[in-house]
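What follows is one structure encoded as structure tokens, with my remarks underneath.
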Amino acid sequence: MNRDHESTCTPQDRTEQVELQTAATQPAQREQQTQPKQPMQPAATFNGAPLTAAPGATIAAALIGSGRQSWRTTRGGAARGLFCGIGVCFDCIVTIDGESGQRACMIPLANGMTITSADA
């Protein structure tokens, strides 16, 4: 606003401006209040031990987060775990709910999953 306009504004005009500004910010405030709460951490088992992770985390991320650096071995006995992290290699394979050959880096951890190492 310029100064000439400010001097001609009545108190009622200023009140209406404040009301308009307040009304414009209220939808944003309502959005913040109605955003869903953070989902609960998914819980599964890995070789019989509990496994949890942040929502949306892959099985590989959950395994790394639980302190495991490897979860299978090669025929020659070399430890394997997360290598590429993008589904190109097969170093992180696990068995999920009885289905073998699953890449842990590509599948989000979900409640109730039963995960076992490929060696088990």
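Numbers here are sequence positions counted from 1.
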Contacts under 3.5 angstrom, residues 101-110 side chains, donor-acceptor by atom type, not counting sequence neighbours:
from, atom 1, to, atom 2, distance (Å)
Gln102, NE2, Glu99, OE2, 3.1
Gln102, NE2, Ser100, O, 3.4
Arg103, NH1, Gly87, O, 3.0

Worksheet item: Tell me the salt bridge (charged side-chain N to carboxylate O under 4.0 Å, His left out) pairs involving residues 50-63, sequence neighbours left out?
Response: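 Every candidate salt bridge (charged side-chain N to carboxylate O under 4.0 Å, His left out) pair involving residues 50-63 fails, so no pair, neighbours aside, qualifies.
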Discussion item. Suppose the criterion is salt bridge (charged side-chain N to carboxylate O under 4.0 Å, His left out): which pairs have a residue in residues 86-95, not counting sequence neighbours?
Written reply: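 Every pair satisfying salt bridge (charged side-chain N to carboxylate O under 4.0 Å, His left out) with a residue in residues 86-95: Arg72-Asp91, Arg80-Asp91.
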Worksheet entry | For Arg68, all residues meeting salt bridge (charged side-chain N to carboxylate O under 4.0 Å, His left out), sequence neighbours excluded |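 If we apply the salt bridge (charged side-chain N to carboxylate O under 4.0 Å, His left out) test to Arg68, skipping adjacent residues, there are no hits.
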Worksheet item: When rounded to the nearest 0.5 angstrom, what is the spacing between CZ in Phe83 and OG in Ser70?
Response: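 Atom-to-atom, Phe83:CZ and Ser70:OG are 14.5 Å apart.
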Worksheet item: Quick one: does Thr95's side chain have a donor or acceptor within less than 3.5 Å of a partner on Gly98's backbone?
Response: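 Checking the backbone N and O of Gly98 against the side chain of Thr95, no donor-acceptor pair under 3.5 Å is found.
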Item to complete: Would you check if the side chain of Trp71 reaches a backbone N or O of Val94 as a donor-acceptor pair within less than 3.5 Å?
Response: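 Checking the backbone N and O of Val94 against the side chain of Trp71, no donor-acceptor pair under 3.5 Å is found.
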Discussion item. Among residues at least two apart in sequence or on other chains, which ones pass side chain to side chain contact (heavy atoms under 4.5 Å, CB included) with Ala43?
Written reply: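 For Ala43, the residues satisfying side chain to side chain contact (heavy atoms under 4.5 Å, CB included) (neighbours in sequence not counted) are Thr52, Asn111.
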Item to complete: Tell me, please, which residues at least two apart from Thr114 pass side chain to side chain contact (heavy atoms under 4.5 Å, CB included).
Response: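 Checked Thr114 against side chain to side chain contact (heavy atoms under 4.5 Å, CB included); matches are Thr45, Asp97.
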Worksheet item: For the residue pair Cys84 and Val88, what are the closest heavy atoms and their distance?
Response: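 Taking Cys84 first and Val88 second, the nearest heavy atoms are SG-N, 3.3 Å.
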Worksheet item: Would you call Phe46 and Ser66 a side-chain contact if the rule is heavy atoms closer than 4.5 Å?
Response: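 In short, these two side chains do not touch, never coming nearer than 4.5 Å.
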Worksheet item: Of Ile64, Leu82, Ile96, which is the lone residue that meets side-chain contact (heavy atoms from CB on, under 4.5 Å) with Ile59?
Response: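 So the option named by the test is Ile96.
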